[in-house]
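Every value quoted in this text rests on a predicted model; they were computed, and no experiment measured them. Throughout, protein chains are lettered first and strands after them, A, B, ... in sequence-line order, and every chain is numbered starting at 1.
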There are 2 protein chains.
Amino acid sequence: MITTRDIAERLQLSVSTVGRALADDDRISEQTKFRVRQAAAEMGYVANRAARMMRGASSDVVGLVIPDIRNSFYSTIAHELSKNMEAQGFQLILSETDDDRMVELRHLRELSASRVAGVIIVPTARPHSESVKLLKAVPHVQLLRKHSSLGSQWFGVNDFDALRQATAHLVEQGHPRIGYVGGPAELPTGAERLKGFRSALSGGNLSSEAGCIELGPPSSVEHGRQAVRRLLAGPSAPTAIALGSVQLTLGVLEELSRLDVKVPSELSVVGFGDEPGFSWWGPGLTTIGLPIQEMATGCGLWLMRRLTTKPDDDSAYASVSPGSLILRGSTAPPAQPRRPSRRKGS
Amino acid sequence: MITTRDIAERLQLSVSTVGRALADDDRISEQTKFRVRQAAAEMGYVANRAARMMRGASSDVVGLVIPDIRNSFYSTIAHELSKNMEAQGFQLILSETDDDRMVELRHLRELSASRVAGVIIVPTARPHSESVKLLKAVPHVQLLRKHSSLGSQWFGVNDFDALRQATAHLVEQGHPRIGYVGGPAELPTGAERLKGFRSALSGGNLSSEAGCIELGPPSSVEHGRQAVRRLLAGPSAPTAIALGSVQLTLGVLEELSRLDVKVPSELSVVGFGDEPGFSWWGPGLTTIGLPIQEMATGCGLWLMRRLTTKPDDDSAYASVSPGSLILRGSTAPPAQPRRPSRRKGS
DNA sequence: TTGAAAGCGCTAACAC
DNA sequence: GTGTTAGCGCTTTCAA
């Protein structure tokens, strides 16, 4: 690797002159600058960032800690962040936790060792105490999920309201028993969505008995499949279900297709998020659209301002983006039980 | 930030002793090691990788340069790589090019400055000459696309055969005019797929006149929409279409749903890749499944071995994974033109 | 078993 | 306008 010293020797200059020329310092003559730049280009000089960092320069690298990049929520986030960061000369390190706190810890150790300038994290349910400690030493923002031990900078969506809306829509249509397949209550998002679901039930004067709840790993398509099978096989199967994560929605949709369940006549469904295939699934999936893109951009811009300006504004910050119900064909009032209609179809 | 010197001062030791204790050097007594480790943990010491790198240590960071992480091919790749690298203590820097060679160049400059240990790249159609130069200085592998100027280490899929299979299937069913929507021929993948398409046409004794070809940005869902609209509006609309990228497939499927085109009676369709929604689209999408996961894992493992062992094996390496046709309901023999059958449906 | 000192590549304070 | 020098945090001789 070519160093400033190599250039200096070739040009019979001192390293500091070369360094200054490369930094476009006022004190260096245009002619010298030109010669230096020329030589640098010819020799293929690339500045060594490690050396710069040792002189106190910031790393220009931001860590993105998420459960799984295959989840479209997270790939959307990664894309938005990457785009915005590149524009300002930042780089993004991708760290996947698979929702495992020990993996999360290992990643945070690595990021700390790399002296990343900042971290954007979707924390696991209960981050390790060392993770908490590590994050104290680096500017960071939480995304989607919010764990109080990790500080009060957070960008997320209104999970409570998302599921309240989804469920209220089903309640309004007169469904007597409504199922819910969502993430675990240990996750802040899981807890909020579940609360939203329950709130809509009681808001519709339905007892909690009317809700059949299946909780499990939010990133598991397979769990979505199994959960919906259990729900439909139960003694008092629901006439409608609300979903509490993108991956679970994917699993549920696949399984309903496979089982050839008639939607919405036999079962109404409200999904979570809005993926490409959702609009063409069966009669079109009614779902909760979330402004993930805007949220991610906001988060990225916020962190970069935090990193590039004096951190005088390290106060609490929370941004809650609202979701909105997208009505398509997968929801309808329940069929009248034990009183088959004369007409076939609508 | 705590340094080895801080620990040394507190324990009344020299920095070198502390360094050796932390590195578990044989010459240090167990007792001293214990005291040092204790203090390090208490004080929250995290080794400074920049300093290590200046002493010649490798960076343990690999750059992943791809067009767009939202494309599920690439998010799958990123996930597989991330998982495998984490297991061996490597980190992944995510660089999105948006298929723009200048953005690609900027990313490669940054990666070089960071002295990444290696690079995995899905190159743009014509990488900048400086990009080529930069890559010469760092171990790298090409993924999916292969540009000869970037060396001969490559992991990809058999693009030619993928489209040959897809098209041959349509030819066998007797389609007289077959459309193709794919990426530009400037891209190595685009060129191969197009060749595969043409090869199947001539293999079926169809003249090239029988092919209606629409090329455009391979990552643009919107282009897929427009292309299929143009294809169907043409004077001699095809009775079947083969698709040449995941994103284009998504666009085409959406548009066909929107236009309410009857598949496969009015039009047969073969997709590219196998996304979650493909199985439940219309009658189920017949498509080409590609072993992206295996390819990515192979690539990651290969690069890491290259990085962790002596580079005595820097010879050419190419791995070509085959795709396979997944038959679902979206393809059928063409309807007899101008001779409507008496029977309705099948 | 431990310490002192040099040096990785760069920048900045201090000469001249 | 340019050179000299010190030092960032760490590893690694070379001494003791």
May I ask you to evaluate whether [X] reaches the phosphate of [N], defined as a side-chain N or O under 4.0 Å from OP1 or OP2?
| X | N | result |
| --- | --- | --- |
| A/Ser29 | D/dT2 | yes |
| B/Thr17 | C/dG3 | yes |
| A/Thr4 | C/dC10 | yes |
| B/Thr32 | C/dT2 | yes |

Distance, rounded to the nearest Å, where [X] contributes [atom1] and [N] contributes [atom2]:
| X | N | atom1 | atom2 | value |
| --- | --- | --- | --- | --- |
| A/Asn48 | D/dG9 | CG | C1' | 14 Å |
| A/Met54 | C/dG7 | CE | C1' | 11 Å |
| A/Arg55 | C/dC10 | CZ | C1' | 7 Å |
| B/Leu11 | C/dT1 | CG | C1' | 15 Å |
| B/Arg52 | C/dG9 | CZ | P | 18 Å |
| B/Ile2 | D/dC10 | CD1 | P | 10 Å |
| A/Asp25 | C/dC14 | CG | C1' | 14 Å |
| B/Arg20 | D/dG9 | CZ | C1' | 16 Å |

Checklist entry - Which residue lies toward the 5' end of DNA chain D, A/Val18 or A/Arg115, if each is placed at its nearest nucleotide? => result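 Counting from the 5' end, the first nearest nucleotide belongs to A/Val18.
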Next on the checklist: Considering every strand and a 4.0 Å limit on heavy-atom distances, what is the contact class for B/Thr3: base, sugar-phosphate, or nothing?
Outcome noted: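 Answer is sugar-phosphate: B/Thr3 comes under 4.0 Å of backbone atoms only.
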Next on the checklist: What's B/Arg27 touching, base or sugar-phosphate or nothing? Going by heavy atoms closer than 4.0 Å.
Outcome noted: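 Base contact.
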Item to check | Chi angles and distances behind the ring-ring contact (aromatic ring centres under 6.0 Å, His included) call for B/Tyr317, B/Trp302 | outcome: CA-CA 10 Å; B/Tyr317 189 96; B/Trp302 186 90; 5.6 Å; yes
Checklist entry - Does the pair A/Glu80/A/Lys83 count as a salt bridge with the N-to-O cut at 4.0 Å? => result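 Answer for the salt bridge query: yes.
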Checklist entry - Any ion pair linking A/Lys33 and A/Glu30 (charged N to carboxylate O, less than 4.0 Å)? => result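 So A/Glu30 pairs with A/Lys33 through a salt bridge.
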Checklist entry - For DNA chain C, whose closest nucleotide is more 5', that of A/Ala23 or that of B/Ile28? => result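 Nearest nucleotide further toward 5': that of B/Ile28.
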Checklist entry - B/His79 and A/Arg70: side-chain donor and acceptor closer than 3.5 Å? => result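 Side chains of B/His79 and A/Arg70: pair found under 3.5 Å.
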Checklist entry - Knowing that exactly one of B/Pro123, B/Pro184, B/Pro217, B/Pro218 qualifies, which makes a side-chain contact (heavy atoms from CB on, under 4.5 Å) with B/Asp99? => result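 It is B/Pro218; the other options fail the test.
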